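Counting starts at 1 for both ligands and their atoms, in listed order. All of these numbers come straight from a predicted model, not from anything done at the bench. The figures that follow rest on heavy atoms only: side chains count, while hydrogens, waters and symmetry mates do not.
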Amino acid sequence: MSKEQTVDYGPLAGLIGEWQGERGVDIAPEPDGKERNPYYETMVFEAAGDVDNAETQLLAVIRYQQKVFRKANGEQFHDQIGYLTWDKATDVISHSFVIPRGVAVVAGGKACAEQGGSITIKLKAADGDKDWGISQSPFMRDNARSVSFTQTIELAGDKLFYEEHTQLEIYGREFDHADKSQLTRVV
Ligand code: HEM
């Protein structure tokens, strides 16, 4: 890792900073149906320099932490730590992250520049996929398996929007665990 400030972060550069969102909506599984949780959140993205892999691949790295709070009671109910990387040679973006349930995701995809200067990043991963996978504890595999994960991130200046869907196998059925939110840059 080196050169935090001079690395070319490509389509990820606009993420660096601190963001707040007040308009999140989470749809989460319940044994007898689902719950809808309006939420607020903070996301902090930091320039983390670059890294080379096998003396071949050079990745620009952004590190982040996301903290999500339930509007109903102000309590934090989701925590996520991860990295976004950009490979200038192939334009591939990876999003590797962990959540404190014993689940780790390595999603991959690309960024697309939109008219007007905004950027859309689409990422996906699936349990068992040989390219972009999901790893989870035996308990989660057997009781609340993350089958797949898709995420769209839209970055337009000081506005950040994301929508993500984690397909779960839980309580004997498939469940579309969905989260979407819009954030504004504060730093
Ligand atoms: C803003 C983002 C997210 C929020 C607010 C959120 C919130 C929740 C909530 C409220 C539950 C129901 C269980 C509980 O009350 O603890 C849940 C379950 C779960 N979430 Fe998330 N989640 C988010 C993102 C994710 C992501 C990205 C993944 C994995 C890729 C994930 C994986 C799971 C799994 C496996 C469960 C099942 C465990 C259970 O219901 O007991 N979640 N989440």
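- To the nearest 0.5 Å, atoms CG (Asp26) and CD (Glu35) are separated by 7.0 Å.
- When distances to atom 21 (Fe) of ligand 1 are checked against a cut-off of 2.8 Å, His78 contributes no N, O or S atom below that limit.
- For atom 26 (C) of ligand 1, the nearest protein heavy atom (residue, atom name, distance) is Thr166 OG1, 3.8 Å.
- When hydrogens are left out, the protein atom nearest atom 6 (C) of ligand 1 is Asp26 OD1, 3.5 Å; that is the closest non-hydrogen contact.
- Contacts between Ile134 and ligand 1, counted as non-hydrogen atom pairs separated by less than 4.0 Å, are absent for every part of the residue.
- With no hydrogens or angles considered, a side-chain donor-acceptor pair links Tyr64 and Gln80 at under 3.5 Å.
- Atom CD1 of Ile93 sits about 12.5 Å away from atom NZ of Lys122, to the nearest 0.5 Å.
- Scanning all protein heavy atoms for the shortest distance to atom 43 (N) of ligand 1 gives His177 NE2, 2.9 Å.
- Under 4.0 Å from ligand 1, not a single heavy atom of Gln136 appears.
- Those atoms of ligand 1 that come under 4.0 Å of a heavy atom in Ile170, given as number and element, are 37 (C), 39 (C), 40 (O).
- When each atom of ligand 1 is checked for a heavy atom of Ala144 under 4.0 Å away, the hits are 35 (C), 37 (C).
- The option with the heavy atom closest to atom 13 (C) of ligand 1, from among Arg101, Glu41, Gln167, is Arg101.
- The residue Phe139 has no part lying near ligand 1, judged by heavy-atom distances below 4.0 Å.
- Enclosure of atom CZ in Arg70 by more than 12 non-hydrogen atoms of other residues, nucleotides or ligands within 6.0 angstrom is indicated.
- Annotation: Tyr171 places no N or O atom under 3.5 Å from an N or O atom of ligand 1; distance criterion only.
- Crowding of Lys34 atom NZ: a count of heavy atoms from other residues, nucleotides or ligands under 6.0 Å not exceeding 12.
- Atoms CD1 and CD, from Ile119 and Glu154 in turn, are 11.5 Å apart once rounded to the nearest 0.5 Å.
- Smallest separation of non-hydrogen atoms from Gln66 and Met43: CG-CG, 3.8 Å.
- In this structure, NZ in Lys67 is found 13.0 Å from NE2 in His78, a value given to the nearest 0.5 Å.
- Taking the centre of each ring, Tyr9 and Phe45 stay at or above the 6.0 Å mark.
- For the pair Arg145 and ligand 1, no heavy-atom separation below 4.0 Å is found.
- For ligand 1, the atoms lying closer than 4.0 Å to a non-hydrogen atom of Tyr39 are 1 (C).
- Scanning all protein heavy atoms for the shortest distance to atom 4 (C) of ligand 1 gives Asp179 OD1, 3.4 Å.
- Heavy-atom distances between Phe69 and ligand 1 stay at or above 4.0 Å for every pair.
- Listed by number with element, the atoms of ligand 1 under 4.0 Å from a non-hydrogen atom of Glu35 are 10 (C), 15 (O).
- Between atom CD1 of residue Ile16 and atom CD of residue Gln5 there is a gap of 8.0 Å, rounded to the nearest 0.5 Å.
- The line from OG1 of Thr90 to CG of Leu58 is 11.0 Å long, rounded to the nearest 0.5 Å.
- Taking both residues in full, the closest heavy atoms of Tyr39 and Ser181 are given as OH-CB, 3.5 Å, listed atom of the first, atom of the second, then distance.
- Heavy-atom contacts of Ser146 reach the following atoms of ligand 1: 35 (C) (cutoff under 4.0 Å).
- In the vicinity of Val105, heavy-atom distances shorter than 4.0 Å reach the ligand 1 atoms 30 (C).
- Every atom of ligand 1 with a heavy atom of Glu164 under 4.0 Å away is listed here by number and element: 2 (C), 24 (C), 27 (C).
- The nearest protein atom to atom 31 (C) of ligand 1, hydrogens excluded, is given as Ile99 CD1, 3.5 Å; this is a heavy-atom distance.
- Listed by number with element, the atoms of ligand 1 under 4.0 Å from a non-hydrogen atom of Ala28 are 9 (C), 10 (C), 11 (C), 12 (C).
- Using modelled atom types and a 3.5 Å distance limit, the side chains of Gln167 and Asp176 yield a donor-acceptor pair.
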